[in-house]
Amino acid sequence: MKILKPLISEFESLLENSNIHEAIDIKISSIEKFDYQINNLVKYQNHKDIEKILNGVEKLALDNQIIDSFEITEKNFFNFTINLNNVQDYLENFKENIKTEHSKKIIIDYGGPNIGKPLHVGHLRSLNIGRSLYHTNKLIGNSVTSDIHLGDWGMPVAQIIAYCEIQNIIINSITVDQLIDIYPKSSELYRSDKSFQILAKEINKNLNENENESIKKWKSIRNVSVSELKETLSILNHDFDLWLGESDVNNIIKPMIEKLTKEKKITLDDGALVSTQEKEPKILITKSDGSYLYLTTDLGTVLNRLENYEHDIVLYVVDNRQKFHFEQLFESIEYFDFPEKKYEHVGFGTVNDEKGNPFKTREGGVKQLIDLYKDTCAYLKNINKDLNEETIHELANTVLTYSDLLTNRKTDYKFNLNKFTNISGKTGIYVQYAQVRAKRLIEKSQDKDTNGELIITNEEERNLIVSLLNLEFYINQSTKFNEPHHLANYLYDISNLFNNFYQGENILSVENEEVKKSKLLITKYFLQNSNLVMSCLGINPVNKM
RNA sequence: GCUCUCGUAGCUCAAAUGGAUAGAGCAACAGACUUCUAAUCUGUAGGUUAUAGGUUCGAGUCCUAUCGAGAGCGCCA
């Protein structure tokens, strides 16, 4: 944390004097009595200079303005509390203080939804995690480009077109509902019917080769599907800088393959092209009929981005089951000598129902996201009938976002609407409620002059302020590991501490003007941080609930 | 069969990616509204971190084995 940086350098140079070169790490204290701890000294219990170092630490701690009280334990844990007289500037300029020193350019690839198929609960996590990483990175000063990266190419689309052909369905007037109906039928037919398989493969090959008639049909399907998708996503408060997809790199692939063949990076194997890298299993680049695979288009996409979008990092927000694919992709990028960027698979577990099975509706189909949204709206309306549509809309999206981001992305989790919208508990409703209280309090105070001074009068205030200081740490955790759940949990913590503070005393009836002002200031800082975290999570704060 | 991931309170999940006495929420029980929004707050109870070894000053986290669950494994994306 920036506010503790001077302390870190003092500590480090003290250790340098004894020839110990290591980065000092300040952690949030695990002991209630203290705010922070430094554990670096523990492993030097038997160091020859340990007495000298400890004396130096003691002197340093006594002189340092940011340290209020401290102790060095038997095992050499260094614990301290922070002096809150020196933190007001830091809180005032929070947005500036959390800016990163080295701004990066990041592309977020959502491994997007397939066209022809409506958004379902399986898409929820990719959308939520991606959006959170997007906003959090932007907040700290990275430049971020989001690409929905539609699944608009390959066999699934070819199957739809083939199905329409044999059923005489006129594609240029096709509707979304028809597509929803056709999608499962065509893939079922593909599995069971040999002649249909041949037809679909032929159409896929035609698409790869830009054959006019197939492309025209594909375009109609894509247009209908994308406009529906855009509408649903906008209801769910999602948008993207780029609406590219697998189809956009079709023309890049042919020259790519020619070049790789010439360089002997790929070779024929049973009629298909495989990477010449020694791997088991071998990495398949194209099918034996020459048409393209998932990996082919993803490689093409890498080249497209290198050519057209300046970037340092690409994050693929795609579920864990595709881990193997990304291992192959990243290995191939290296083996093929594509320019080096940082590539990372931000994987996540599946969303299951209460029994731990993949989320499904009673009919057996996967539950559509738009229906989930509507269910949530209805649930909220039932709890409070006075809310307007806009508030219901934002709260529903809060519920669907917050509960999703609360758990570590790596593990599967069980989805339960009742749990998420529970009146009490660690929910999106709770964090919204806390900031609504803060907002109303400031409105009611009619105190336009916010230039008060921070006066800490009790433990609740102290706990809240110290916790507010720690936002920088949690932002750091979330961006470093691409894990939004750190921020989601933190938002609950500060909301709980605020409720504690709020509930403890009637602030507007405090008689001492200075103290009252300070309490409103604390409320203001809470509101600031709460809303910052909400923006990181992709949640819009409501004004009333 | 091979590879990978996971196993933490009755349930759902955290735990600073090796630090001290493993924390939250739900459910349960006991309390707090003449008070700025009680969609709130406080307290109690709940654990041999699947099991057995090992590395380390220090292990839920790293290593090995066993048991259990899930996922992936060249012409789907």
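Below, chain A is the first sequence line, B the second, and so on; all start at residue 1.
Taking atom C1' in both B/G46 and B/A24, one finds a spacing of 14 Å when rounded to whole Å. Separating the P atom of B/A27 from that of B/U40 is a span of 11 Å, rounded to the nearest Å. Spacing between B/A22 and B/A45 at atom P, rounded to whole Å, works out to 15 Å. Across the C1' atoms, B/A77 and B/A39 are found 43 Å apart, a figure rounded to whole Å. A gap of 8 Å separates the C1' atoms of B/A50 and B/G68, to the nearest Å. Comparing B/A65 with B/A9, their C1' atoms sit 28 Å apart, to the nearest whole Å. Separation of the C1' atoms belonging to B/A15 and B/G47 is 14 Å when rounded to the nearest angstrom. For the C1' atoms, the distance linking B/G70 with B/G10 amounts to 23 Å, nearest Å.
A/Thr73 comes within 4.0 angstrom of a nucleotide base, judged by non-hydrogen atoms across all strands. Base contact: A/Glu483 has a heavy atom under 4.0 Å from a base atom. Within 4.0 Å of A/Phe473, counting heavy atoms only, lies at least one base atom of the nucleic acid. Counting any heavy atom pair closer than 4.0 Å across all strands shown, A/Asn79 reaches a base atom. As judged by a 4.0 angstrom heavy-atom cut-off over every strand, A/Arg437 is placed among residues touching the sugar-phosphate backbone only. A/Tyr44 comes within 4.0 angstrom of no nucleic acid atom, judged by non-hydrogen atoms across all strands. The residue A/Met545 sits close to a base: some heavy atom pair falls under 4.0 Å. Residue-level contact check: A/Asp289 touches neither bases nor backbone, having no heavy atom under 4.0 Å from any strand.
In this structure, A/Tyr492 forms no aromatic stack with the base of B/G25, since the conditions of centre separation below 5.5 Å and plane angle below 30° are not both met.
Counting only Watson-Crick and G-U wobble pairs whose two key distances fall under 3.5 Å, RNA chain B forms stems of three or more stacked pairs at B:1-7 with B:67-73, B:10-13 with B:23-26, B:28-32 with B:40-44, B:50-54 with B:62-66.
With sequence neighbours excluded, no residue satisfies salt bridge (Lys or Arg N to Asp or Glu O under 4.0 Å) with A/Glu514. Considering only residues two or more places apart in sequence or on other chains, A/Lys185 meets the salt bridge (Lys or Arg N to Asp or Glu O under 4.0 Å) condition with A/Asp181.
With respect to the salt-bridge test (charged N to carboxylate O, under 4.0 angstrom), the residues A/Lys516 and A/Glu511 do not qualify.
A cation-pi geometry, defined here as NZ or CZ lying under 6.0 Å from the six-membered ring centre and within 45° of its normal, holds between A/Lys265 and A/Tyr335.
Residues from residues 323-330 of chain A placing a heavy atom under 4.0 Å of any atom in RNA chain B, listed by number, are A/Lys323, A/Phe324. Listed in residue order, the members of residues 498-506 of chain A having a heavy atom less than 4.0 Å from RNA chain B are A/Asn499, A/Asn500, A/Tyr502, A/Gln503, A/Glu505, A/Asn506.
The phosphate of B/U37 (OP1 or OP2) has no side-chain N or O of A/Lys544 nearer than 4.0 angstrom.
Side chains of A/Ser509 and A/Asn506: a donor on one and an acceptor on the other come within 3.5 Å.
Separation of the A/Phe34 and A/Tyr36 ring centroids does not fall under the 6.0 Å cut-off.
Taking only side-chain atoms of A/Leu293, from C-beta outward, the nucleotide of B/U37, B/A77, B/A39 with the closest atom is B/A77.
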Dump every N/O contact between nucleotides 11-13 of chain B and the protein below 3.5 Å, one line per pair.
unit_1, atom_1, unit_2, atom_2, d
B/U12, OP1, A/Lys414, NZ, 2.4
B/U12, O2', A/Lys419, NZ, 2.5
B/C13, OP1, A/Lys414, N, 3.1

